[in-house]
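Take a look at the structure set out below.
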Amino acid sequence: MIIVLTPQSTDKEANEILSKIERAGLKPLYMPGVERIVLGALGDERKLAGLQLGAHPFVESIKPILTSYKQVSREMQSHDSQVKFGNSSIGGGTFAVIAGPCAIETKQQINLSAKIVKKYGGMGLRGGAFKPRTSPYSFQGLEEEGLKLMKLAAAQNDLPCVSEVTDACHVEMMSRYVDAFQIGARNMQNFGLLKAIGQIDKPVILKRGMSATIEELLLAAEYIFNEGNTNIIICERGIRTFERATRNTLDLGAVAYIKTKSHLPVIVDPSHGTGIRELVSPMARAAAACGADGIIVEVHHDPQTALSDGTQSLDEQGFESLMRGLLPFISAAGKVIAQ
Ligand code: PEP
Ligand code: MN
């Protein structure tokens with residue numbers, strides 16, 4: 001429920017109403033605006049009935065939030081959220097390009113990848129250290145050793161870095177190395193992990209589960225937000241459908257839809273979204289055209305030798321060409337590239 005106070009209301013009246021909401025067993029939210037204070041009440045809204053807030057002299061209007069997700073909804077906040085990542089931010093008028101290898105493999109590999117990302121205008125470095133592989137016999141990642149290598153490569157190239165977290169027990173250790181966490185498709189509904197990430201304040205890229213609906217994705221974001229971490233970036237990375245020609249079906253309709261329903265920034269992963277190197281650039285341009293706030297793409301200095309996802313990874317020339325082709329689409333969408 002959203003409770004809009006009259007313009008004359010002060011913090012004193014707001015606090016009085018917030019205490020009532022809390023006593024009724026709902027979560028109170030305080031959202032001061034430029035013209036008036038807005039309050040929220042989250043939980044079983046039937047409990048509010050007895051409070052008769054509508055009759056309160058300082059309450060101008062009360063309206064229910066119609067969506068199942070509340071705090072991440074546009075109804076709760078009409079303006080776009082911006083999430084700080086390194087010295088730059090994602091959302092609200094910029095287009096961010098985060099790039100790097102699927103997995104951190106060696107010192108040389110992550111250094112070369114970081115150089116490529118920086119050289120052509122990427123604003124952040126990605127690299128997996130804990131790889132959620134379908135087969136237990138596939139390369140699983142260098143774990144903490146890999147994070148150390150990525151932190152160094154990122155620092156040398158003046159880039160913030162992001163890596164996937166697969167287990168709540170790694171959050172504290174990983175915090176020493178990464179500027180942002182990624183929650184992968186396979187963990188989108190790992191509620192313990194969502195809650196753990198909700199309790200820190202580093203940004204998190206939350207990827208859509210491979211068979212998750214948009215509502216489930218936004219409810220997963222709500223779990224993180226509800227624990228206190230509001231620095232959430234939604235990522236559309238394709239869903240599994242009957243189509244087998246591409247690795248996944250990149251649902252760009254979801255991007256446009258989420259932008260209307262949520263204030264959180266939305267980025268697109270055209271690498272996992274297609275699984276095919278040649279399709280990465282066209283879908284990156286489509287992402288900019290449909291209103292995304294950025295992309296996260298896989299780049300490897302030598303994709304043929306990559307230990308994971310080489311077929312969808314761009315080499316230096318591929319990344320250079322992606323960036324060149326993308327810029328006019330970013331301008332056409334009324335955005336500027338995030339530096
Ligand atoms: C990845 O980013 O390398 C990855 C495993 O992504 P997803 O969780 O989207 O499959
Ligand atoms: Mn990958």
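Each ligand, and each atom within it, is numbered from 1 in the order the structure gives.
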Under a heavy-atom criterion of less than 4.0 Å, does Gly128 contact ligand 1? no

Ile258: which of Leu264, Val72, Leu217 passes side chain to side chain contact (heavy atoms under 4.5 Å, CB included): Leu217

Given the options Gln109, Lys107, Gln108, Glu105 meets side chain to side chain contact (heavy atoms under 4.5 Å, CB included) only with Gln109

Which protein heavy atom lies closest to [atom], and at what distance to 0.1 Å?
atom: atom 9 (O) of ligand 1; answer: Arg237 NE, 2.7 Å
atom: atom 4 (C) of ligand 1; answer: His272 NE2, 3.4 Å
atom: atom 8 (O) of ligand 1; answer: Ala185 N, 2.7 Å
atom: atom 6 (O) of ligand 1; answer: Lys207 NZ, 3.0 Å
atom: atom 5 (C) of ligand 1; answer: Glu164 OE1, 3.8 Å

Any nitrogen or oxygen of [X], main chain or side chain, under 3.5 Å from a nitrogen or oxygen of ligand 1?
X: Pro132; result: no
X: Arg126; result: yes
X: Lys131; result: yes
X: Gln182; result: yes

Can you list the ligand 1 atoms lying under 4.0 Å from a non-hydrogen atom of Gly184? 8 (O)

Counting from 1 in the order shown, the ligand 1 atoms closer than 4.0 Å to a non-hydrogen atom of Cys102 are 3 (O)

Could you tell me whether Lys119 and Glu320 make a salt bridge, using a distance below 4.0 angstrom between a side-chain N and a carboxylate O? no

Got a sec, which residues hit side-chain contact (heavy atoms from CB on, under 4.5 Å) with Ser19, two or more places apart in sequence or on another chain? Arg23

My understanding is that only residues two or more places apart in sequence, or in another chain, count here; which of them pass side-chain contact (heavy atoms from CB on, under 4.5 Å) with Lys151? Tyr177

Side chains of His301 and Asn111: any donor to acceptor distance under 3.5 Å? no

Under 3.5 Å, is there a donor on one side chain and an acceptor on the other for Gln71 and Asn226? yes

Determine whether Ile234 and Lys207 make a side-chain contact, defined as any pair of heavy atoms from C-beta on separated by less than 4.5 Å. no

Is a side-chain donor or acceptor of Asn229 paired with a backbone partner of Lys202 at a separation under 3.5 angstrom? yes

Please determine whether the number of non-hydrogen atoms from other residues, nucleotides or ligands lying under 6.0 Å from atom CZ of Arg240 exceeds 12. no

Which other residues end up in the same hydrophobic cluster as Ile296, if Ile, Leu, Val, Met, Phe, Trp and Tyr are linked when side-chain heavy atoms come under 4.5 Å apart? Val83, Phe85, Ile90, Ile98, Met123, Val162, Ile205, Ile233, Ile267

Please give me the protein atoms (N, O or S only) lying under 2.8 Å from the Mn ion (ligand 2), ordered by chain and number. Cys102 SG, His272 NE2, Glu298 OE2, Asp309 OD2

Part of Glu298 within contact of ligand 1 (heavy atoms, under 4.0 Å): side chain

Ring-plane angle category for His263 and Phe225, please: parallel below 30°, perpendicular beyond 60°, tilted otherwise. perpendicular

